[in-house]
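The first residue of the sequence shown is numbered 1, and numbering continues consecutively from there. Given the structure is predicted, the values throughout are model-derived calculations rather than measurements.
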Amino acid sequence: MTPDELKAVVTALGMPAFTAKQVAQWLYGKRVRSIDEMTNLSKANRERLQADYCVGSMEPIERLESVDGTVKYLFPTASGKFVETVFIPDGDRATLCVSSQVGCKMNCLFCQTGKQGFEGQLTAADILNQLYSLPEAERLTNVVFMGQGEPMDNLDNVLRATQVLTAEWGWAWSPKRITVSSVGVKNKLKRFLDESECHVAISMHSPFHEQRQMLMPAERQMGIQEVVSLLRQYDFTHQRRCSFEYICFGGLNDSLTYAREIVRLTQGLECRVNLIRFHTIPQVDLPASDEKKMEVMRDYLTAHGVFATIRASRGQDIFAACGLLSTAKKTEQLSERQHDA
């Protein structure tokens, strides 16, 4: 809740208005797990709050650690579903890849989450809990909305979550510590660009309409040309960053023909391109590109004014790498486990 919403709660319960500020400090400054920990509130006021409200923090129920130090957590949601969250330590930098939906509607050909289908929206509390209840929360330097789901398809809750993270009364992070990804959703992407100062990352994967449509059905509703035309209306020459995610498939989209088209498509737009290795998923016959081809593509883009990198693949052995997140079987497995117990 925002301070104004907290104020409405406490005054409705007969408490002084300043109690809202105290509650906000406990929630966002000290990040308590229970109302009982709000010790500068009287016992009577804590009991009034507890009658109808809770902090909303829920511990992860599973933890998997990769050989490279990446950690994947399974978090419960308020609706009884589950989402996966990935903690990626890298020297002084520690990034959390958070989910915004249970499953996803976008059904991208190469993504395990898309094969799961859509199971529900995460509330802002569900999104924030992935940070709030993360054991490594104090180490976090960055957050990327690149886990399960399409953030623009749950935009109200994503914007509320980023508001809490960036507001002075919240976690007081710079919005430049947060990157929100999207395939490009008509009207929603524009609203995000207007209402947020966070970085934006667009899933491109092909600069050609017909091929991108084959890989990503969302191309039918908002094509990559329209996405780039929209991005040109915003200023990315200062601190706010625009990037494109590009999974390289062997012999499919990793030649210089594609690099040249990316240069043409993004001409005049301050951006970067992150080339990503493809991680095979079941029943999808797509080949992975080899390292040399990715390096040639990276070097061509950079030489022609488009800064490009090859993203290090992290957590593949625990199915935490790009495109591998899925909780499709988790509800069934956990239900069976509870039944057996």
ring-ring contact (aromatic ring centres under 6.0 Å, His included): pairs with one or both residues in [range], sequence neighbours excluded:
range            : answer
residues 218-241 : none
residues 25-59   : Y28-W169
residues 287-310 : Y300-H304

- Task: Check whether the side chains of T123 and D126 place a donor and an acceptor atom closer than 3.5 Å, and report yes or no.
- Result: yes
- Any side-chain donor paired with an acceptor under 3.5 Å for Q101 and D153? yes
- Calculate, to the nearest 0.5 Å, the distance between atoms CD and CE belonging to Q130 and M58 respectively. 10.0 Å
- Could you grab the distance from atom OG1 of T327 to atom CZ of F82, nearest 0.5 Å is fine? 8.5 Å
- Query: Taking only residues two or more places apart in sequence, or in another chain, which ones meet F118 in a ring pair (Phe, Tyr, Trp, His ring centres under 6.0 Å)?
  - Reply: none
- Item | Under the side chain to side chain donor-acceptor pair (under 3.5 Å) test, residues paired with Q22 that sit two or more places apart | none
- Query: Taking only residues two or more places apart in sequence, or in another chain, which ones meet T39 in a side chain to side chain donor-acceptor pair (under 3.5 Å)?
  - Reply: none
If the threshold is 4.0 Å, N to carboxylate O, is there a salt bridge linking [X] and [Y]?
X    : Y    : value
E62  : K72  : no
K292 : D254 : no
R298 : E295 : no

- Any side-chain heavy-atom pair of I262 and M204 under 4.5 Å: yes
- Task: Return the minimal non-hydrogen interatomic distance between R241 and H199, and the atom names on each side.
- Result: N-ND1, 2.8 Å
- Query: Same cluster or not: are V180 and I276 linked, directly or through other Ile, Leu, Val, Met, Phe, Trp or Tyr residues, by side-chain heavy atoms under 4.5 angstrom apart?
  - Reply: yes
- Task: Could you tell me whether Y258 and Y246 have their ring centroids closer than 6.0 angstrom?
- Result: no
